[in-house]
Structures are given as C-alpha cells and as structure tokens.
Amino acid sequence: MLLLGIDVGGTHTDAVALGPKGIEAQVKVATNHDDLLSSIKSALSEIVQNTDASSIKQLNLSTTLSTNAIVEGRFEDVGVIVSAGPGLDPHSFMLCKDFHVIPGSLDHRGSETKQLNNLSLEEAISSCRKSGVKVYAAVTKFSPRNPAHEKEMELAIGDNADFITLGHQITGRLNFPRRIATAFYNCAVWRVFNKFADAISGTLEEMGLGHIKVNILKADGGTMPLPLSRKVPVQSIFSGPAASVMGIIALCKITHDSIIYDIGGTTTDIAIFVGGTPLIEQEGINIGSHPTLVRALKVHSIGVGGDSAISILEGIVRVGPTRVGPSIAFGGEIPTLTDALIWKDSCDCGNIGKSKAGFAAFASKIDMEPDELADKAIENAIDKIHDSTRELVEEINQQPVYTIHELLENRRIIPRKIYIMGGPAKAMKMDIFRKFRLSTEVPENYDVANAIGAALTRTTTEIELFADTERGVMFIPSLGYRENVPRTYNLEAAEKDAMNHLLAHLGEMRVAADGDNALITASSSFNMVNGSTTVGRNIRVKCQIKPGVVRTYS
Amino acid sequence: MLKAENSLGIIFFPAYDWAISPTHPEREERLLYTQDQLREEGLFDIEGIREYKPEVAETEDIERVHFCFPEAEAIATRSHYISTGGAIKAAELVMQGERDRAFALVRPPGHHAMKTVLGSRGFCAINVEAIMCEHIREKYGQKRIAIIDTDCHHGDGTQDVYWHDPDTLFISMHQDGRTIYPGTGFPKDAGGPKALGRNINIPLPPGTSDAGFMMVMERIVMPILEDFKPDLIINSAGQDNHFTDPITNMNFSAQGYAALTKMLKPDIAVLEGGYAIQGALPYVNLGISLALAGVDYSHVCEPGWNPETLKESDEIMKYIATLCESIPNIYFNPPAKSNEGIINGDWSVRHRNIFYDTEGFTESQTESLLLCNECRGLLKVQTQKENGPMGFGIEIPIGACDKCRNTGYSILEEAQVKSKYRYMQMINRREKEYMRYGF
C-alpha cells in the first residue's frame, strides 16, 4: 500500500511514494509556473513507472495554484455583499469594485437589531449582474452567531450566481473583516481551482489511477478531500510551508520545544514547536495585505536563503533580503550565501570552481579577503535568522490569555532543539549550532521532507459550537447545523455534541474517524444574568482533529 | 486597510474565572460580549493596534500605595494582582515609548479602594490606577499626573489616596452623590491642607446625556488640564454613565464616551465600572478604543440609541451650566482651608468611619498629617475594623524633608515599643523602603 505526496513549490515539484518501510520512489522536477498540471503529471508518471500503480491508495497534493492565482491577480470578479450594523465603517473593508453594503444588523448574541433591507439587496444584486459577476460572497457581521441574514442574501442572489460563499460556512470564529476577505478569495479562485481539480481527476483516470483518494493540503498542516476542497479552495493556499513542517514530524521524533528551519532559495521559514506540536496562527494568515480566517501553522518567513545576494553597505556585509539571480555556482553573476558556503567548503553543489573564482574576484573588487567575506556573510545570515527567531518566540510568549489560571500556569516557550531542512541545511548546520548552542539536527531525506510531509498528513477539520440556553438554541456555523436545546443544556452536553458532530463530519467526507485525534481546544460556559437571576448559559466549545501524520519513520 | 493615528496597546484581561458571586454584577461574563465585539470588528488587525498580555503586580506595588491590613495578600486576590498588573503593563507600554497610548481593559476595578484598605468596597479592593501611577513615579521619576474619573460613581478611593498630594490632580465627574453610591463627591472636597484645589468633584444630575458631559469637559476639565500641564493624563474609564446601565441613572452614550475620550486624549485609560454588559460595554469599549487610536468611530452606536429621547431637559443643562461657572474656581482659586480635618498641634487630624459595602463592616480610622513647611508632610493612620485588632501605617512621602523622615522612624519605633498595634506598615517613598510588622 503506497501513499503519494506531491509538493508543488516555487522552483521544484517534489514527489514521493511511501510504503510501510519508507521511501519507495522519489522525484524532483522543475516547476512549470504557467502549467502546474504538467509538472504534477511528469512527477506522477515517473513515480508510477517505479512503483506498482495498483498498490497506490492515496495522493496528497500541496499546490501553489490558488496562491499564484491570487498573487498574480488571475482571478474573476466577485460580488461582495455585506451588512454590518454598528462598529467600524464597513466601507473600510472594500476589497473590490462590486462591493455593496446592505442596511441591516445582528448583535453579538445573534439577535436581529435591524432587518435586512430587501430593496437595497435587490439593487446590489442587479448592479453585480450588470457588471457580469457570476460568483458572490455574502457576509454579515455576527453571522457565526446567527446566519439568517446571510441566508436571506443567498436566497436573493439565487440563480444569478454559479457559486456563493456564505461567511458563516468558513468558520465559526469571529472577525468580520477577515471573514469578508476569506469569502472574497474563496470566490475569486473558485473557478480556476475547480478547473484544476477536474484536470487532476482526468489525469489520474488516464494514468490508471482513478481508484485513488485525492486530498489537498491546507496551510494548517492537514488535508481536505478533493470533493470538499472544490467548495473551499481558499483553504488550499500557502500549504507549502506546512508540508515541510509535517515532513519534519514524520522524520524526527520531536518532543521538546523546538525551532524548525526550512532554508530555501529566497527565504527561510521558521516554525516553532511547543512540546511535540506545531503552533497554529491564532486567527489566520494574510493574503496579500488582507488578513483572513484561513487557519495555518505559524510559519514566519525571512528574506535569507541560499540564493540571497551578498552586498556591502557602509562597510557591513549583508545577505539578502533580495534574490538577484542564481548563485555563481549555478551560472549567476552575483555571489550568494551558497557561494560563501562553497568557499568555506561547507557545501558541495553546482560548479565549485566557477563559484570560488567568482567569489574571490568579488572579494578583491571590494578589497576584502575572500575568507573574511565568506565568514561575515554567513555570520550575517545566521544573525538574521537568530534575531528573527528570538522575536518570534518573544511574540508567542506575549500572546494574550484570558483567565487567571492560564496566566499563572502559562509556561514560556524555551526552545531546546533545532531541526533544519532545505538545500543549505547540512552546510549551515554547524554555524547555526555555534550561534544557538542548542542541539541541532538535519534529518535524512531533508531535501524531500516537504513531499514526505504532504504524503503522510492526515485530514483535519475544526468546528465551533455556540449555544445560548436562554434562547434554547445550539448552533455550529461551519456545518450550518442548528438545533433546539433545553434550558438544562450544559457544557458537558455541548462538548459531547461538538465531538460527535466533528466525527460525523469526517464520516461524511469519507475519512476514517479516529476519536483519538479529536480534541477540544477551548470550552467555556458563562451564566447569563438578568437583574439578579440566572436566565441561561452562553456556551462556546471549539474542537478539532489535530494536525499530525499517519505514520513516522524516525 | 485601516491605520491608527496613535499607536494603541490594549491589555484585555476579562478574568473569565473570577466573580464576586455568581449573580453579582462584577462576574465572569462581564467582558464576554465586549470581547466578541472587539474580535468581530477585527480591532486588533488595525495597523497600530495591538493586544498585550498583562503582567502580575508585585506585592510591593500594592504596599507602595496602600496601608493593607492584615496584609496585601489577604485583601487582593490573584485576579486583583493581574488586573493591577494589566494597568502597570499599560503604563510600561507608554512610558517605554512602545505605544503612544494604552487601554487596560481589565477587571476587577479599583477606584473605590482608599489609602487604607481592610477589605473590598464598591466592588473594589485595591486602587488599580493609583498603584499604576506610583509604579510610574517610582520607576520613571516624579511626574505630574492628572486622573480623570468618568465612572458614574464618585471615585472616592482615588480621591482619598491622593487627598494630600499636590502633584496629582484628581477630577471625578459622576452622578450626584445624593442619588447614588457612595454618597460622596461634592465640590467642597477640594483636597487636603497641602493639596488644596487638586481634588475636583463634579456631581452631575441624573439624566445627564452627551451634551451635558461635553459641556463639563469643555468648560471645566479642559481649562484646568491646560493650566495644570500634567506629564500624564489617566482616564478611569468607567462606563456606567450609559443610558442602559442597570445600577445608575444617566443617559450617556457610546458616541458620547468616544467624543469625551477624543477631547481628553488620555495617555492611559483603565476600565472601571459599567454593568450593562450586553447593551453598552461592547459599544462603549469599542468607541473608546477607536477614539484612543484616532480611528473613525462615527458608526459605533448602540442598537437602541436615540439621541433625541436621551437628550437632557433644559433644566438639567441650566443646572450643569451653573456647575461649570463655579467649579473651575476650586482649582484656580482654592479655598484657604481644607473642609476636612481639625488642627491639633502640628497635625491635621481626620477621624472617619468607612463602610465596606461589599463585605459589610465598618472601619474606624484616624488619619493625621504632619503640617510641614519643607515638604508634603508625614502621614500616619490608625485603623480598626469594628472590634478587630488595630493597624498602624506611616508614610514618608516622595520628597520628604529630613525632619519628617526622622519623625516617621521615631514614631514607628515608639509604636513598636508600645505594642498597641497588631499590624504596622511603613511606606518610605524617599528611600523606597517598604516594611510591615505583625501578623
């Protein structure tokens, strides 16, 4: 039984086939930016040639398709219809031209405080129709507490849309501006992503792989089944760094607070593990300049990588943040961090002779010994990595908590171990060790850790349950589930319901539901008091399938 | 993308596991809907606005300000240490220049806690703002500080802590004490003999709304601040002047609070009371936060807000206008004598009975200030909780003269020898020595 993992990265597309004993096949091909499918096809066909196709059970795919579409602005026009009520001016969140604010509002408990203005809604839809919009995002403030207004909008849009995203379906977490941005991007890449999904399915059929289950990687270190991803393509963005982090989990047994570096060509990604678990971004990642509610592993990127150019500014040797071209070792003009590592004999790649000659020539031009230049360049790169890591850890340790217990019990993160992967990983290991004085490890197969991570990542999902016993309702926004509950409904019952719905949801996605990986991440119950009598309870429960890998090779 | 004009740090600590009692207004859920509103607005995504974790205050921070009997740990819970630590964090953010302004959205509150504390009164145990201000002075040197209390209840605790301090201007605007707890806060209280005109009380009639509050700001608060020229402006940002508050009778709104904040420009705001947790707090806190940050707040209003029906009558406006005529005089031409205390030799002595409503006991207290021409004067307090043991506190103030300092220590020594007191506390701000005796 084989599990395939493919990570389509900026420069390379990596693919692995994993059997019970480890890697059975691995491939690295150049990524064709304008035709990602062809890169996937060529990686796949090479894997299939080297393995028994009938034993392949699953393909997990991490792709930059949605990310590229967004970054390069190759997406379609979206009609964004919002209603806000009191608070910040909703026009501050206008992120496209077909943006309409409809009078109407709900409060923080989900009570309607102002009816949705149907006339204004009709006008907005007709204006969108005139500009040829075919996909719509409908988002109201506090819709995770009550989706009624979003549903009214959906009804009114009706046949005008090929696809509609309703804000509350994305997540039950609160943040109106982020919900607008997330729903917008989900619509914007919907068509391009679905075309791609069709093409993938077609390709697999052609290759005799029609039987395998396909999952798409998400940025939170989990996967979602292909059929589900068609409705929430926005969740597929920025999955690359997560694939690498999950790879490290599969390759190393991480138990301490640790730092993970993925040193690439242009950037170094820094991730932090607490105990053995990767940290998740509290709210969601930024797409462009817009913060969203897309859940992601906390990965901090800095502009230092193997291809980062070396420059001198006011007598100080600097590395990055720009990438001017490839290293001299690979035919470039300007010396890079990789060339400095080659000069110090730490790295063996590309054209060594040419690299060293070019590096020495550059050094003499600026009147410096090449040895000194190389040392200073490497030191500068390590310093940047070191300082950013300190800042990141400090920022995480400063994260707010809300109860006395949490504040007093709150332990600080103190990294004890470093794991490095990516091209220059081996070459920089000793320099990083000398700077940090922490045990430093470079796992075997570090160059395909990303594809391994992709292959082994399991399906994740999170839900939020919200109950108001004064009103007698329980509601799970992202599932669109609503139920009447008795006044006696309590936290214990809510936790049970949340877990059951989480597992049932996995079942619907045809994922083997493993109760062991399901956990409650937050749970609270507040008495609601009117005058001096308790009138009900306000209950919130969050639970998730925690990110993880199906097996490890450490 | 929205951007804050002034960078703002918010210390949000709702203490979701602390309440006075399950149905008490000061309970777990008090800031729940505020949190929902701030999150849903995406407040912390606005460039320049950041959320911070509170610190935990040290016992020394408390004992620098209060005479606590039997001891600080017995009066302040962990929650008080954190809420005070939240205000200290706010101060540090501003003092170290990391943020232009800061808002400590913390509970429990503190403005009813007086100089001497034997327990909890008015939902308060220790004075959050005073502890913060004295932390600032201890660490960053003597500052001129103005504390503007906009809670609906008279800030009798803060008034008491700073009664003798000429470097702290305390202005409290509140619902008239004849109609509400704690029943004090009248213009005649102008400060102690060494700080006359530094305590300004503005008792407002029930029903005061936005126009009334703004008139007070324009005609009383701002001209006095302009003259006092404080290094720091602190706002005790109680929110119970709100028209929906269940335990008060005022008609102030979120728009009003935001406009007041915009005019006052406090460096640090600290949450005080406010118990309309669903109808007011989410909107008022949002309004104050946006006003502090200099972000447009014109769309922040309560669902049931109707400025026309909330408007004060002409009668009320006329009454407030007369207050605006007379009250500035208390600052600009302070009375020659304090309204409290009788002169006994070199000492100005006040005897008081103080009721602790939250816990239901009465303190009997004698406070004496040594009238000194060289400095603010030595302060001593003798206190007894009903028939309980006696406590004794001595404070050598910042900038104390040698005579007051030495007198302080000899009184302490004498008190120890006589062993009349079960508990004794010495606050020596001059040498930064804080000591307690007895247990």
Side-chain angles (χ1 to χ4, degrees), chain A residues 84-93 95 105-109 111-114 141-145 173-181 282-284 286 289-291 395 397-408 410 524-535 537-538 540, chain B residues 1-2 10-19 22-25 27-46 50-56 77-79 81-82 85 246 254 277-279 282-283 286-287 290 295-305:
Chain A
L88 289 165
D89 181 356
H91 290 96
S92 323
F93 314 122
L95 32 57
S105 71
L106 303 165
D107 74 2
H108 41 79
R109 270 181 78 186
S111 314
E112 181 178 82
T113 50
K114 193 173 177 189
K141 200 179 270 186
F142 287 112
S143 63
R145 295 283 183 261
R173 283 177 287 140
L174 296 174
N175 194 318
F176 181 55
R178 284 177 184 257
R179 201 157 56 245
I180 295 173
Q282 272 209 323
E283 300 233 38
N286 290 9
S289 57
H290 295 288
E395 183 200 314
N397 280 332
Q398 270 295 328
Q399 242 154 39
V401 294
Y402 295 129
T403 63
I404 300 162
H405 178 78
E406 279 174 327
L407 189 73
L408 299 178
N410 188 40
S524 54
S525 169
F526 295 92
N527 287 334
M528 295 185 288
V529 180
N530 195 349
S532 59
T533 40
T534 304
V535 290
R537 272 181 294 274
N538 192 304
R540 292 110 190 259
Chain B
M1 280 291 285
L2 289 165
I10 295 182
I11 296 89
F12 185 71
F13 192 76
Y16 282 148
D17 44 2
W18 183 84
T23 58
H24 194 282
R27 63 177 182 272
E28 295 94 336
E29 112 196 78
R30 191 174 152 222
L31 291 177
L32 181 68
Y33 305 109
T34 291
Q35 186 196 20
D36 283 355
Q37 190 78 36
L38 300 188
R39 287 253 162 263
E40 179 70 349
E41 295 295 340
L43 186 73
F44 302 114
D45 290 331
I46 296 175
R50 208 187 127 181
E51 188 180 4
Y52 291 85
K53 189 154 88 176
E55 289 172 7
V56 183
T77 63
R78 294 310 289 172
S79 188
Y81 274 79
I82 296 168
I277 61 178
Q278 286 194 44
Y283 309 103
L286 179 64
L290 294 178
V295 175
D296 171 42
Y297 56 77
S298 58
H299 294 254
V300 180
C301 55
E302 307 79 351
W305 182 54

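Please read all numbers here as calculations on a predicted model, not as lab measurements. Chain naming here is simple, since letters A, B, ... match the order of the sequence lines and numbering starts at 1 in each.
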Handout entry: Counterpart residues, side chain to side chain donor-acceptor pair (under 3.5 Å), relative to A/D89 (two or more places apart)
Key = A/H91
Problem - Contact origin within B/R50 toward chain A - heavy atom pairs under 4.5 Å - result: side chain
Practice task
For chain B, find which of A/T113, A/L88, A/N538, A/T534 contributes the most heavy-atom pairs closer than 4.5 angstrom.
Solution key: A/L88
Handout entry: Which atoms of B/Q35 approach chain A - backbone, side chain, both or neither, heavy atom under 4.5 Å
Key = side chain
Practice task
Kindly compute the distance separating CD (B/E40) from CZ (A/F142), expressed to the nearest 0.5 Å.
Solution key: 5.0 Å
Practice task
Begin from the C-alpha positions of A/E283 and B/R39 and carry the test side-chain contact (heavy atoms from CB on, under 4.5 Å) through to its verdict.
Solution key: CA-CA 10 Å; A/E283 300 233 38; B/R39 287 253 162 263; 3.4 Å; yes
Exercise for the section: Please test A/V529 against B/R27 for side-chain contact (heavy atoms from CB on, under 4.5 Å), starting from the C-alpha separation and ending with a verdict. Expected result: CA-CA 9 Å; A/V529 180; B/R27 63 177 182 272; 3.2 Å; yes
Problem - Test item: B/K53 side-chain N/O and A/N397 main-chain N/O as donor-acceptor pair under 3.5 Å - result: yes
Handout entry: Heavy-atom contact with chain A under 4.5 Å, split by part of B/D45
Key = side chain
Handout entry: Least distance between heavy atoms, B/L32 atom then A/R540 atom
Key = CD1-NH1, 3.5 Å
Fill in the blank from the handout: Heavy atoms of B/D36 and A/R145 approach each other most closely as OD2-NH2, 3.4 Å
Practice task
Quick one: pull up CZ in A/F526 and CZ in B/R30 and give me the separation to the nearest 0.5 Å.
Solution key: 14.0 Å
Practice task
Could you tell me which portion of A/P177 (side chain, backbone, both or neither) has an atom closer than 4.5 angstrom to a non-hydrogen atom of chain B?
Solution key: both
Practice task
Give the member of B/Y283, B/Y297, B/Y52, B/W305 that has the highest number of heavy-atom pairs under 4.5 Å with chain A.
Solution key: B/Y283
Exercise for the section: Against chain A, label B/F12 side chain, backbone, both or neither, depending on which of its atoms sit under 4.5 Å from a heavy atom there. Expected result: both
Practice task
May I ask you to name which of A/S289, A/S111, A/P86, A/G87 has the most heavy-atom pairs under 4.5 Å with chain B?
Solution key: A/G87
Fill in the blank from the handout: To the nearest 0.5 Å, atom CG of A/N175 lies from atom CZ of B/F44 at 10.5 Å
Handout entry: Contacting region of B/I46 [heavy-atom separation from chain A under 4.5 Å]
Key = side chain
Handout entry: Residue list, side chain to side chain contact (heavy atoms under 4.5 Å, CB included) with B/P282, at least two apart or on another chain
Key = A/H108, B/Y33, B/T34, B/Q37
